[in-house]
Asks: 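I'd like to ask you about the structure that follows.
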Amino acid sequence: MIRRLSTKLLNVCVSSLCKSRNLDKAEAVIIDGIRLGCLPDVVTYNTLIDAYCHLVGVDEAYVILYRMREAGVRPDVITYNSLIAGATRCCLPSRSLDLFEEMLQAGLVPDDWSYNTLMHCLFKCGYPEDAYKIYLDMLSKNVAPSLTTYNTLINGMCKTGNAMNGLRLFRNLKRLGFSAELVTYNTIINGLCKSGRIGEARRILKELGESDCVPNEITYTTVMKCCFRNGRFEQGFEIFSGMMNKGYTSDVFAYCAAISALIKMGNLEDANACVEQMLRNGIGLDKACYNTIIYLQCKEGKIDYAFQLVNEMEEAGLGSDQYTYSILIDGLCRMGYIDSANKQLHMMEMRGFLSNLVAYNCLIDGLCKLGEVDLALKLFHEMKSKDDYTYTSIVNGLCQKSRFHAASKLLLNCLKEGSSVLTSTHRAVIAGLQSAGFRRDAKRLKASLRVASLLRY
DNA sequence: TTAGGGTTAG
């Protein structure tokens, strides 16, 4: 009895230390406990494993699992659920599946939580068909799906391009014995907004208003962003003001969305005022928010201040990411500082941010705008992947230098590779060829473009 | 375990 009570006390201590992100102290307390004869139990280890998954990584958490086994404490379903959730956060689907298998091998029976997490992992990492198989497996093993199971399915469907299936499932919830909760509403509204089904999203929003659920800051920012995405700025800002009036004054997502919209509108003065208001409200800036403010400074040409903010962000322990670098590279190119932009690109690669298509595009565009189209072409040929932005910049750059035949050739290559450029760029190439006296070539290009659009290559 | 974010052309 005394031992049980003291283990309970040990667990309270470990839990509290883990919550305050003090993993070293939590481990020290466990060691002290063992020395005093108070042995950690499955709850102690589960607490530690979950904290390691959240704060360090799934590999480090797995080390605790070894120690747990060595200490003669048998892992349970909760242990594995935490580990699967950890693998999900890092988008490691094979790892999640292996852990699930390991759980079965250990003779444990996965619960709805295990299935939900595994399904979420597979959706998140781009394997919707496998996620559906897990759902069927869940049913075949007579594990009752919960509302979270359906929320996860609706979310997964929306995020993998099947918002209408998500909506069908949403409509079937009652038949399955559930009524939608706020998470369900927010999930489907976001899915419908993102897939352009604004009318459907509005209908669900109306239903949410008539339900017992109370919209929260997530609902408001979801709808607000939908308005901004569709160019309905006035409506979006009405929602933002409404949010503020309702007391949602400390939501970093809402401020970031509003600041980004103001930048897009070219209203840098109000964007700055919004930043000030956010800071006055004592909102702690996160990485995305810093990036938005850095973007604002770049737009204003305050590149030194932008770099100062990057330092501030790194000193705050947030670290910069591929977005930070792309924003800086774009800002430097706009100011004509191509060498510095190049330096940032190398730093970006050295730091392992390899998805830098946007950064390359900024450089290519910057070089073209400075008339350095040959340097831009050199970079273009070095690029492993290209998109519509790449081709549009380079084709425009060639047109500016009156190299219409090269532009025409690239334009056709672009269509063959499944990319497309703006129709204004098509027109620029055709008009260029015509004005340079190559009327037959212009006619031929026009015909090829028409065929390409019919074949949709 | 499930819901909202940031960058590039014209």
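Chain identifiers are assigned alphabetically (A, B, ...) following the order of the sequence lines, protein sequences preceding nucleic acid strands; residue numbering begins at 1 within each chain. Both backbone and side-chain heavy atoms feed into the values below; hydrogens, waters and symmetry mates do not.
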Asks: Can you figure out which of dG4(B), dA9(B), dA3(B) approaches the side chain of T187(A) most closely?
Replies: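 Given the options dG4(B), dA9(B), dA3(B), the side chain of T187(A) is closest to dA3(B).
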Asks: Quick one: label N81(A) by what it contacts on the DNA or RNA (base, sugar-phosphate, nothing), any heavy atom closer than 4.0 Å.
Replies: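 Result for N81(A) = nothing.
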Asks: Report the distance from atom CG of L379(A) to atom C1' of dA9(B), rounded to the nearest whole Å.
Replies: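 Distance, rounded to whole Å: 16 Å.
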Asks: Quickly work out the Y135(A) OH to dT2(B) P distance and round it to whole Å.
Replies: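 Checked: the OH to P distance equals 19 Å.
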Asks: Choosing from dT1(B), dA3(B), dA9(B), which nucleotide comes nearest the side chain of N116(A)?
Replies: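 Ranking dT1(B), dA3(B), dA9(B) by closest atom to the N116(A) side chain puts dT1(B) first.
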Asks: For a quick check of understanding: with a heavy-atom distance under 4.0 Å over all strands, which category does I327(A) fall into, base, sugar-phosphate or nothing?
Replies: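 Result for I327(A) = sugar-phosphate.
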Asks: Kindly confirm or rule out a cation-pi arrangement of R351(A) over Y325(A), judged by NZ or CZ under 6.0 Å from the six-membered ring centre and within 45° of its axis?
Replies: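 Cation-pi check for R351(A) and Y325(A): fails.
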Asks: OP1 or OP2 of dG10(B) sitting under 4.0 Å from any side-chain N/O of K369(A)?
Replies: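 Yes.
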Asks: Scan C362(A) against the nucleic acid and name what it touches under 4.0 Å (heavy atoms): base, sugar-phosphate only, or nothing.
Replies: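 If one applies the 4.0 Å heavy-atom cut-off, C362(A) turns out to touch the sugar-phosphate alone, with no base involved.
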Asks: What contact category does T152(A) fall into here, base, sugar-phosphate, or nothing, at under 4.0 angstrom with non-hydrogen atoms?
Replies: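 Sugar-phosphate, backbone atoms only, no base.
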Asks: For the side chain of D365(A), starting at C-beta, report the closest nucleotide among dA9(B), dT1(B), dT7(B).
Replies: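 It is dA9(B).
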Asks: Can you say whether a donor on the side chain of T117(A) sits under 3.5 Å from an acceptor on the base of dT1(B), or the other way round?
Replies: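 Answer no: no donor N or O sits under 3.5 Å from an acceptor.
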Asks: Do D251(A) side-chain and dG4(B) base share a donor-acceptor contact under 3.5 Å?
Replies: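 Checked by distance alone, the answer is yes.
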Asks: Please determine whether a side-chain nitrogen of the Lys or Arg among E207(A) and R171(A) lies less than 4.0 Å from a carboxylate oxygen of the Asp or Glu.
Replies: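 So E207(A) pairs with R171(A) through a salt bridge.
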Asks: Any idea which of dG4(B), dG5(B), dG10(B) is nearest the V252(A) side chain?
Replies: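 Given the options dG4(B), dG5(B), dG10(B), the side chain of V252(A) is closest to dG5(B).
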Asks: State, without any angle test, whether T148(A) and N151(A) hold a side-chain donor-acceptor pair at a distance under 3.5 Å.
Replies: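 Not at all, the side chains of T148(A) and N151(A) share no donor-acceptor pair under 3.5 Å.
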Asks: I'd like to know if K206(A) and E210(A) make a salt bridge, using a cut-off of under 4.0 Å between side-chain N and carboxylate O.
Replies: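 Looking at K206(A) and E210(A), the cut-off is met.
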Asks: Looking for any heavy atom pair under 4.0 Å, which part of the strands does T222(A) touch: base, sugar-phosphate only, or nothing?
Replies: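 The answer is sugar-phosphate, as T222(A) gets under 4.0 Å only of primed atoms, P, OP1 or OP2.
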Asks: Please confirm whether the shortest side-chain N or O distance from H120(A) to OP1 or OP2 of dT2(B) is below 4.0 Å.
Replies: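 Checking dT2(B) against H120(A), a side-chain N or O does come within under 4.0 Å of OP1 or OP2.
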Asks: Picking from dG5(B), dT1(B), dG4(B), which would you name as closest to the side chain of K225(A)?
Replies: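 From the listed options, dG5(B) comes nearest.
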Asks: Measure NZ/K264(A) against C1'/dT7(B) and give the value in whole Å, please.
Replies: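 After rounding, the reported distance stands at 9 Å.
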Asks: Grab the NZ-C1' distance between K159(A) and dG5(B) for me, whole Å please.
Replies: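 It is 12 Å, rounded to the nearest whole Å.
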Asks: Determine whether the side chains of D112(A) and S146(A) contain a donor N or O and an acceptor N or O closer than 3.5 Å.
Replies: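 A donor-acceptor contact under 3.5 Å links the two side chains.
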Asks: What's the closest nucleotide to the side chain of S260(A) if the choices are dG4(B), dT7(B), dA9(B)?
Replies: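 The answer is dT7(B).
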Asks: Hey, does the side chain of R89(A) come within less than 4.0 Å of dT2(B)'s phosphate (OP1/OP2), counting only N and O?
Replies: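 For dT2(B), neither OP1 nor OP2 has a side-chain N or O of R89(A) closer than 4.0 Å.
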Asks: It should be established whether K124(A) places a side-chain nitrogen or oxygen under 4.0 Å from OP1 or OP2 of nucleotide dA3(B).
Replies: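 Checking dA3(B) against K124(A), no side-chain N or O comes under 4.0 Å of OP1 or OP2.
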Asks: Given atom CE of M243(A) and atom C1' of dG5(B), what is their separation to the nearest angstrom?
Replies: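 Those two atoms, CE and C1', are 12 Å apart.
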Asks: Using the side-chain heavy atoms of E181(A), tell me which of these nucleotides is nearest: dT1(B), dG10(B), dT2(B).
Replies: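 Of the options given, the side chain of E181(A) lies nearest dT2(B).
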Asks: Take atom CG of N216(A) and atom P of dG5(B), then tell me their distance rounded to the nearest Å.
Replies: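 Taking atom P of dG5(B) as the reference, CG of N216(A) is at 14 Å.
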Asks: SG-SG distance between C91(A) and C125(A) under 2.5 Å?
Replies: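 C91(A) pairs with C125(A) as a disulfide (SG atoms under 2.5 Å apart), so yes.
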Asks: What's the closest nucleotide to the E217(A) side chain, out of dG4(B), dA3(B), dT2(B)?
Replies: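 Nearest nucleotide to the side chain: dG4(B).
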Asks: Using whole Å, report how far CZ of R229(A) lies from P of dT7(B).
Replies: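 It is 12 Å, rounded to the nearest whole Å.
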Asks: From the list dG10(B), dT2(B), dG5(B), which nucleotide is the closest neighbour of the side chain of S424(A)?
Replies: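 Of all the options, the side chain of S424(A) is nearest to dG10(B).
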Asks: Determine whether the aromatic ring of F253(A) stacks with the base of dG4(B), defined as ring centroids separated by less than 5.5 Å and ring planes inclined by less than 30°.
Replies: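 F253(A) vs dG4(B): stacking yes.
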Asks: Is the base of dT1(B) stacked against the aromatic ring of W113(A), taking ring centres under 5.5 Å apart and planes under 30° as the test?
Replies: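 Stack criterion met.
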Asks: With the threshold set at 4.0 Å, does a side-chain nitrogen-carboxylate oxygen contact exist between R95(A) and D98(A)?
Replies: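 Result for this pair is no, no salt bridge flagged.
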Asks: Does a side-chain N or O from N190(A) land closer than 4.0 Å to OP1 or OP2 of dA3(B), or not?
Replies: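 For N190(A), the contact criterion (side-chain N or O under 4.0 Å from OP1 or OP2 of dA3(B)) is not met.
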Asks: Would you mind telling me which of dA9(B), dA3(B), dT7(B) lies closest to the side-chain atoms of L422(A)?
Replies: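 Selected nucleotide (nearest to the side chain): dA9(B).
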Asks: For the pair made of CZ in F228(A) and C1' in dG4(B), what is the distance, rounded to whole Å?
Replies: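 In whole Å, dG4(B) C1' and F228(A) CZ are 13 Å from each other.
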Asks: Please classify the nucleic acid contact of R427(A) as base, sugar-phosphate, or nothing, using heavy-atom distances under 4.0 Å.
Replies: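 If one applies the 4.0 Å heavy-atom cut-off, R427(A) turns out to touch nothing in the nucleic acid.
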